[in-house]
There are 2 protein chains.
Amino acid sequence: MSLDGQLPPKIRLLRAAAELLANSGGSAVSTRQITQLAGVTAPTLYHHFGDKEGLFDAVVAAGFDEYVAGERDFAPSGQPLEDIGRMWDNHVQFGLNQPELYLVMFGNIRPESRPAIVADAEALMEEMLNKAAVAGQLNVPPREAARSILAANVGVTLMLIAEKAPERNLELSAMTRDAMIFAVSTEQARSERPEDAGKSSVVVAAIALNAALQASHSDQLSSSELKLFLEWLHRISTSSTS
Amino acid sequence: MSLDGQLPPKIRLLRAAAELLANSGGSAVSTRQITQLAGVTAPTLYHHFGDKEGLFDAVVAAGFDEYVAGERDFAPSGQPLEDIGRMWDNHVQFGLNQPELYLVMFGNIRPESRPAIVADAEALMEEMLNKAAVAGQLNVPPREAARSILAANVGVTLMLIAEKAPERNLELSAMTRDAMIFAVSTEQARSERPEDAGKSSVVVAAIALNAALQASHSDQLSSSELKLFLEWLHRISTSSTS
DNA sequence: CAGTTCATATAGCGTTGCTATAGGTGATAG
DNA sequence: CTATCACCTATAGCAACGCTATATGAACTG
């Protein structure tokens, strides 16, 4: 019953925890099960990981590396918003392939205590959304878009995990995914042909904003602020670098 | 320490469980705490509710009645899709007002075992969406729309609960809500809700410039200038264009 | 009044997460 | 070669957990 004998106890504990978690079928996993499978006693676990949650965090960290690897594999498509869609699908697949691990990662919600992994996943998605924003394809700030999309992504994945496997309807995921991506994208991105996507730059964006600001009468800045703001915009717009 | 003495033990148990759940601050609630507060001993709990989960289910059932009452109170507006938006907001508020209860109701996900309450909530939303469908305002079947909207609604609520109270940004909820409702509605319904029109080009340009500036390392502005500049940009980016 | 059923209490089982303490191990210093 | 010391692991056990076998009282029912 014990795991391969000659690896360090720390690694044996990690593998035992991961294996039991993957096969627990939803019921809880006890430290005694883990230590027995790892072939060590209780204090060893607490020496290396502090407490049970520390061990699970470590398992989650390994799982997250795998998750990130999946998220980055097919990233470099030309279309950032298409990549967001792939990130969504990869997220759902990760959750359905390893539901127990996913639940430890994203399902263990407690009031006022955010799992660290949520922030990591948000950052990952925000990074990709930034590319879309640079290309002028986003009509909301990348951070807010990332939080919103990830929240829906997690909600859908949790719902699918809760369903019995044969009844799982991935159309739910596809529909919600498209709705969220559509909602954060600009008309230009929706019309699907951003021929000047690669050309977007600080300068182009600054010129566009300059023109847009002067055309509208935004009241978000005071007149003195606006004057300085436009001066800086001009400095950026007329710079030849980048 | 014991609850009002003359009510039946079953009701005292329910109230004790609800009260402890509401004030647990995220940590677990034990049967011993509950029975002590209710002024009864352990077997009484198991006689009436079978097990701990049975008791919690009963608390949830009461909580769900309250939830449904809230969902139905302002229902009869003329616009079904507006009512869906109110159901969404009510759902989020319910979760934020009673996070512990909400987590027992919607956060206790286990693989292949759907909480009964999810089906109830879906039915409630589907009922309302049916009205929209009858009015020709839905471009997907009500059941699928309800599942999709509820999944996003739960995801957003869980994310908000996980955040520390002062940092909770309800804009996340509003944005996701509008995205989901927009996605399931027909052109006709959209034209009746002109407030969701696209954002002005100022906002889009500001977002693009913000992202571009942070991606490149432009040296056209000093760091202190850049900081203020970005702050203004953020103000413009997040301004609502109602 | 006897019989039955419901409701509660006493006491305790097995398991949980965790730890106080001590023993063994290997590397380094004298 | 020995002494030391930091690191790692084991023995044994605690308090708290969910839950229950059993017994006792109360309240109906014939």
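Since this is a predicted model, take the numbers as computed values, not measurements. Order of the sequence lines sets the chain letters (A, B, ...), proteins ahead of strands, with each chain counted from 1.
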Closest non-hydrogen atom pair, A:Ile161 against A:Arg168: O-NH2, 3.3 Å
Contact summary for A:Met180 and B:Ala179, nearest pair of heavy atoms: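 In this case the closest contact between A:Met180 and B:Ala179 is SD-CB, 4.0 Å.
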Taking atom [atom2] of [N] as reference, at what distance in whole Å does atom [atom1] of [X] sit?
{"X": "B:Phe49", "N": "C:dA7", "atom1": "CZ", "atom2": "P", "value": "12 Å"}
{"X": "A:Ile11", "N": "D:dT9", "atom1": "CD1", "atom2": "P", "value": "12 Å"}
{"X": "A:Leu45", "N": "D:dC8", "atom1": "CG", "atom2": "C1'", "value": "14 Å"}
{"X": "A:Ile34", "N": "C:dT15", "atom1": "CD1", "atom2": "C1'", "value": "14 Å"}

Phosphate oxygens OP1/OP2 of [N]: is one of them under 4.0 Å from a side-chain N or O of [X]?
{"X": "B:Thr41", "N": "C:dT8", "answer": "no"}
{"X": "A:Tyr46", "N": "C:dT19", "answer": "no"}
{"X": "B:Thr31", "N": "D:dC19", "answer": "no"}

Verify the neighbour count for atom CD of B:Glu53: are there more than 12 heavy atoms of other residues, nucleotides or ligands below 6.0 Å? no
Below 4.0 angstrom, N of the basic side chain to O of the carboxylate: do [X] and [Y] qualify?
{"X": "A:Arg86", "Y": "A:Glu82", "answer": "yes"}
{"X": "B:Glu163", "Y": "A:Arg147", "answer": "yes"}
{"X": "A:Lys164", "Y": "B:Glu112", "answer": "no"}

Quick one: which of [options] gets closest to the side chain of [X]?
{"X": "A:Arg32", "options": "D:dG13, C:dT10, C:dT8", "result": "D:dG13"}
{"X": "A:His48", "options": "C:dT19, D:dA21, D:dC8", "result": "D:dC8"}
{"X": "B:Ser30", "options": "D:dA21, D:dG18, C:dG17", "result": "D:dG18"}

5′-ward residue of the pair A:Ala42/A:His47 relative to DNA chain D: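 Upstream on the strand: A:His47.
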Within residues 51-63 of chain A: residues closer than 4.0 Å to DNA chain C (heavy atoms): A:Asp51, A:Lys52
With under 30° as parallel and over 60° as perpendicular, where do the rings of B:Tyr102 and B:His91 fit, or are they tilted in between? perpendicular
